[in-house]
Amino acid sequence: MSLVEGAPAPIDPEVQAAAAKALDQLNEHTLKTVHWHFSDETGSPFWLEKKAELNFDPLTDVKSFDDLKKFPHFEDEWLRGGPINRWVPKGHAGKPVYVFETGGTTGIPKSRMVIEDHWKDYELFSDTLPDEHFPKGSNWLMLGPSGPRRLRLAVEHLAQHRGGICFCIDLDPRWVVKLIKKGWMEHLEEYKKHCIDQAITILTAGHDVKCMFATPKLLESLSEGLEEKGTSLAEVGIKGIFSGGTEFTPQWTRFAVEEMLGGSPEEGGVFMTPTYGNTLMGLACSKPINAADGYKISYYAPQPRAVTEVVQFDDYNTKVGYGETGRVKLYTLTDEFFVPGFMERDEGEREQPFDTYPWDGVSGVRPFHELASATTVGVY
């Protein structure tokens, strides 16, 4: 218990020790990643060219994760337009390359090249899933965006990695956003119904689907669609769901668990875990959610491959205190992609490390207040 009312409780000594070890690993990983991306033999054309513009030498002046603050903040515009090849590290020359895009609702979409990062990220995520709720060998449903999206291929790989087969629907989130912006709500409802009809067809066709990904809005619509047909997620065989998006609030989670899923996994038979991810970071797992904690959702990035910080609104190089509100800052540190500090369009509260993830987390994730009015959420 905290000595000061409202202040965070002291961090357990064992967690502190684990956090110190994790920081050592992060510092070592950062050094390795920076040397890879800024060495003439292995670096990407983009970063080798950018190196000449910097007022320091990454190869000699970056000695720890904290030294990444020497870089300018990573800019959105760097990812808009091509050539995409400028991001491919020389050390990966000749390997098959994927390109994944973001929404693209405000002009040229942001593009990220990927070789195997999406596989690695979801294999790590797989290790966090409880087998009793996500049985190995089970088939999956991907109820989310299709097209040039990382998520679609990543969930498919997750299913295959766990010994199953993934069923997918057609869903164009760019069309959804256009419908919302035009105010064509009748068309929007029909398109949503079109997506849900595809999902219900898969779930009732005898494919033995036990696990699924869905955005919160689509999960709710699917539950309603099944109810209209006199059945439910549990009755069609679903045991485990992972979901993601800024719509994942404690209020929605309470509704989902208590009303939609019939209670806890022990009561309703369906386990749900929230996630927070994007094309740059991969996937952040959540601390286990429960009624006793008010369904609070805290996310922890897959360190050291990615790191999130909650920073002050007026100083993006300074973290806020535990429990305090700030903007989310992202770092991506893989041998495929290097992002030394990208300001997300989200804000939230800084959370303490805990035994499973002994590094900082973020809770209450929501659109950054200065941008919220300009953000169209769509299917998410």
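- A donor-acceptor pair is defined here as one N or O able to donate and one able to accept, closer than 3.5 Å; no such pair exists between the side chain of Asn139 and the backbone of Cys166.
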As a quick check of understanding, evaluate side-chain hydrogen bond (donor to acceptor under 3.5 Å, both in side chains) for Ser39 and Glu41, giving each step before the final call. CA-CA 5 Å; Ser39 294; Glu41 301 77 28; 4.5 Å; no
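- Looking at Arg162 and Asp131, a side-chain N of the basic residue comes within less than 4.0 Å of a carboxylate O on the acidic one, giving a salt bridge.
- Note on ring orientation: taking the six-membered ring where Trp is involved, the planes of His118 and His157 are tilted (angle from 30° to 60°).
- Using a 4.0 Å cut-off between charged side-chain N and carboxylate O, Arg366 and Asp346 make no salt bridge.
- Put simply, the side chain of His37 never gets that close to the backbone of Pro89: no donor and acceptor are under 3.5 Å apart.
- In this structure, Lys178 forms no cation-pi arrangement with Trp175, as its terminal cationic atom is not both closer than 6.0 Å to the ring centre and no more than 45° off the ring axis.
- Salt bridge status for Glu220 with Lys217: absent, with no side-chain N to carboxylate O gap under 4.0 Å.
- Residues Thr33 and Thr334 are not in side-chain contact: their nearest non-hydrogen atoms beyond the backbone lie 4.5 Å or more apart.
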Under the criterion salt bridge (charged side-chain N to carboxylate O under 4.0 Å, His left out), I'd like the reasoning laid out for Glu351 against Lys296: C-alpha separation, chi angles, the key distance, then a yes or no. CA-CA 11 Å; Glu351 291 296 325; Lys296 181 179 179 180; 3.0 Å; yes
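- Between Leu171 and Cys195, the closest side-chain pair of non-hydrogen atoms falls below 4.5 Å.
- In this structure, Lys329 and His73 have side chains that are in contact, with non-hydrogen atoms separated by less than 4.5 Å.
- A salt bridge links Asp208 to Lys210: at least one charged side-chain nitrogen sits closer than 4.0 Å to a carboxylate oxygen.
- Between the side chain of Asp315 and the backbone N or O of Gln312 there is no donor-acceptor pair closer than 3.5 Å.
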When you look at Leu79 and Ser111, which way does the side chain to side chain contact (heavy atoms under 4.5 Å, CB included) test go after all the steps? CA-CA 5 Å; Leu79 295 173; Ser111 302; 5.8 Å; no
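- Under the 4.5 Å side-chain criterion, counting only non-hydrogen atoms from C-beta, Val328 is in contact with Tyr276.
- Both the sub-6.0 Å distance and the 45° axial angle are satisfied by Arg327 relative to the ring of Phe368.
- Cluster annotation: Leu124 is not connected to Val307 through the hydrophobic network of ILVMFWY side chains, with a link wherever side-chain heavy atoms come within less than 4.5 Å.
- Linking Ile, Leu, Val, Met, Phe, Trp and Tyr residues whenever their side-chain heavy atoms come within less than 4.5 Å places Phe167 and Leu219 in a single cluster.
- At least one side-chain heavy atom of Tyr299 sits under 4.5 Å from a side-chain heavy atom of Val365.
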Could you give me the CA-CA distance, side-chain angles and deciding distance for Leu330 and Thr332, then say whether side chain to side chain contact (heavy atoms under 4.5 Å, CB included) is met? CA-CA 7 Å; Leu330 167 70; Thr332 303; 4.2 Å; yes
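- The aromatic rings of Tyr98 and Trp119 sit perpendicular, their planes meeting at an angle over 60°, well past the 30° parallel limit.
- Salt-bridge annotation for Glu28 and Lys32: absent, with no side-chain N of the basic residue lying under 4.0 Å from a carboxylate O of the acidic one.
- Residues Phe56 and Tyr331 are members of one and the same hydrophobic cluster, defined by side-chain heavy-atom contacts under 4.5 angstrom among Ile, Leu, Val, Met, Phe, Trp and Tyr.
- Between the Asp360 side chain and the Gln352 main chain, no donor and acceptor come within less than 3.5 Å of each other.
- The same ILVMFWY cluster, assembled from side-chain heavy atoms under 4.5 Å apart, contains both Phe46 and Val62.
- Under the 4.0 Å criterion applied to side-chain N and carboxylate O atoms, Asp117 and Arg112 are assigned as salt-bridge partners.
- Note on Lys192 versus Glu189: salt bridge recorded, some NZ/NE/NH1/NH2 to OD/OE distance being below 4.0 Å.
- Remark: side-chain polar atoms of Asp293 are not paired, donor with acceptor, to backbone N or O of Tyr295 under 3.5 angstrom.
- Counting only distance, with no hydrogens or angles, the side chain of Lys110 and the backbone of Glu101 share no donor-acceptor pair below 3.5 Å.
- The aromatic rings of Phe337 and Trp87 sit tilted, their planes meeting at an angle between 30° and 60°.
- Salt-bridge annotation for Lys95 and Glu336: absent, with no side-chain N of the basic residue lying under 4.0 Å from a carboxylate O of the acidic one.
- Residues Pro274 and Ile297 meet the side-chain proximity criterion, which asks for heavy atoms closer than 4.5 Å.
- Side-chain atoms of Cys168 and Val155, non-hydrogen and from C-beta on, never get closer than 4.5 Å to each other.
- Listed for the His35 side chain is a donor-acceptor partner under 3.5 Å among the backbone atoms of Leu59.
- For the side-chain contact (heavy atoms from CB on, under 4.5 Å) with Ile238, the lone residue among Val209, Leu222, Leu226 that qualifies is Val209.
- Salt-bridge formation is not detected for the pair Glu123/Lys120: no Lys NZ or Arg NE/NH1/NH2 atom is positioned less than 4.0 Å from an Asp or Glu carboxylate oxygen.
- In this structure the side chain of Asp172 never reaches within 4.5 angstrom of the side chain of Val176, judged on heavy atoms.
- Atom CG of Leu203 sits about 9.5 Å away from atom OG1 of Thr231, to the nearest 0.5 Å.
- A distance-only check finds no donor-acceptor pair linking the side chain of Lys239 to the backbone of Glu132 [under 3.5 Å].
- Of the possible donor and acceptor atoms, one in the side chain of Trp36 sits under 3.5 Å from a partner among the backbone N and O of Asp335.
- Put simply, OG1 on Thr253 and CD on Glu258 are 10.5 Å apart, with the number rounded to the nearest 0.5 Å.
- Under the 3.5 Å distance criterion, the side-chain polar atoms of Ser286 are left unmatched by any main-chain donor or acceptor of Thr275.
- A ring pair (Phe, Tyr, Trp, His ring centres under 6.0 Å) with Phe338 holds for exactly one of Phe74, Trp47, Trp78; it is Trp47.
- Judged purely by distance below 3.5 Å, without hydrogens or angles, the side chains of Gln198 and His194 pair a donor atom with an acceptor atom.
- Tyr300 is not connected to Phe125 by any chain of hydrophobic side-chain contacts under 4.5 Å among Ile, Leu, Val, Met, Phe, Trp and Tyr, and they are in different clusters.
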